[in-house]
Amino acid sequence: MTLSRQDLRKIIRQKRNSLSSDVQYLAGLDLVTQFKQLAEITSAQHIALYITADGEIDTKPLIEWLWQQGKEVYLPVIHPFSHGHLLFLRYASNTPMVLNQYAIAEPKLDQTQIIPVAQLDLICTPLVAFDANGHRLGMGGGYYDRTLEPWFDSKQGPKAIGLAHDCQQVDSLPIESWDVPLPKIVTPSQIWDWE
Ligand SMILES: Nc1ncnc2c1ncn2[C@@H]1O[C@H](COP(=O)(O)OP(=O)(O)O)[C@@H](O)[C@H]1O
Ligand SMILES: [Mg+2]
């Protein structure tokens, strides 16, 4: 039986939300260990992350490690008038935060802190499920498909890296024409590379 995208989202979201706080905590630390091995990290200076919600892998240790390395960290903000699009704003420990329409924390809109997507080196994307080919299923908003579409298959611009718990992997996903696959996905146990 093939599960629909909506069914898969429901099942995997339940799975990741049921991870214990100990497992969540260790997963966040393991993510940092994996990033230390990531080839792209040395030359990357401008890195987009996201604030964890809904049982997603804890990005806080990674963000703090990147700050310690002198990297600039950015977070997505839902675009105020370009429907379905994201802006990326610089994130520092004193950045004023607000909750967006999905109750996810995002930097308070401040034009002086916006970075053009073209200037990002890495975009770390959240995801609900991924498969053995790097296909990505998100929460259903299509935000990262729209963000990454201009850069897919391009030597220039940001490189996408998916972040996930190991339990978010499935054998195969029902894919739509607009879904942008990920060249790399990092989980606590390994770096998946499809380049
Ligand atoms: N590049 C794009 N341009 C326009 N619409 C898009 C684009 N990418 C995705 N969408 C739209 O966004 C919606 C959600 O996409 P979907 O792939 O289901 O979400 P997610 O990637 O978050 O799982 C779909 O209705 C799709 O048509
Ligand atoms: Mg998609």
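Whatever order the structure lists ligands and atoms in, that order sets their numbers, starting from 1. Residue numbers run from 1 in the order of the sequence given.
With hydrogens and angles ignored, the 3.5 Å screen pairs no side-chain donor or acceptor of R13 with any backbone N or O of G55. In this structure a side-chain-to-backbone donor-acceptor pair under 3.5 Å is present from T59 to Y50. When atom types are taken as modelled, the side chain of D193 and the backbone of K184 share no donor-acceptor pair closer than 3.5 angstrom.
Residue E176 places every heavy atom at 4.0 Å or more from ligand 1.
Considering backbone and side-chain N/O atoms, G141 comes within less than 3.5 Å of an N/O atom of ligand 1.
Enclosure of atom CD in Q101 by more than 12 non-hydrogen atoms of other residues, nucleotides or ligands within 6.0 angstrom is indicated.
Of all protein heavy atoms, the one lying nearest to atom 10 (N) of ligand 1 is R146 NH2, 3.6 Å. The single protein non-hydrogen atom nearest to atom 8 (N) of ligand 1 is D145 CB, 3.3 Å, given as residue, atom name and distance. With respect to atom 17 (O) of ligand 1, the closest heavy atom belonging to the protein is W178 NE1, 2.7 Å. Counting only heavy atoms of the protein, atom 14 (C) of ligand 1 lies nearest to G140 O, 3.3 Å. Among all protein heavy atoms, the one lying closest to atom 19 (O) of ligand 1 is G142 N, 3.1 Å.
For ligand 1, the atoms lying closer than 4.0 Å to a non-hydrogen atom of R136 are 21 (O).
In plain terms, the two heavy atoms of G157 and W151 that are nearest each other are CA-CE3, 3.5 Å.
Using a 4.0 Å cut-off between charged nitrogen and carboxylate oxygen, D54 and R16 count as a salt-bridge pair.
Classification of the W192-W194 ring pair by plane angle, with boundaries at 30° and 60°, yields parallel.
Looking at I161, I123, L148 one by one, the single match for side chain to side chain contact (heavy atoms under 4.5 Å, CB included) with L182 turns out to be L148.
Looking only at N/O/S atoms, D145 comes nearest to the Mg ion (ligand 2) through OD2. Nearest N/O/S atom of D179 relative to the Mg ion (ligand 2): this is OD1.
Of all the heavy atoms of D179, the ones lying under 4.0 Å from any atom of ligand 1 belong exclusively to the side chain.
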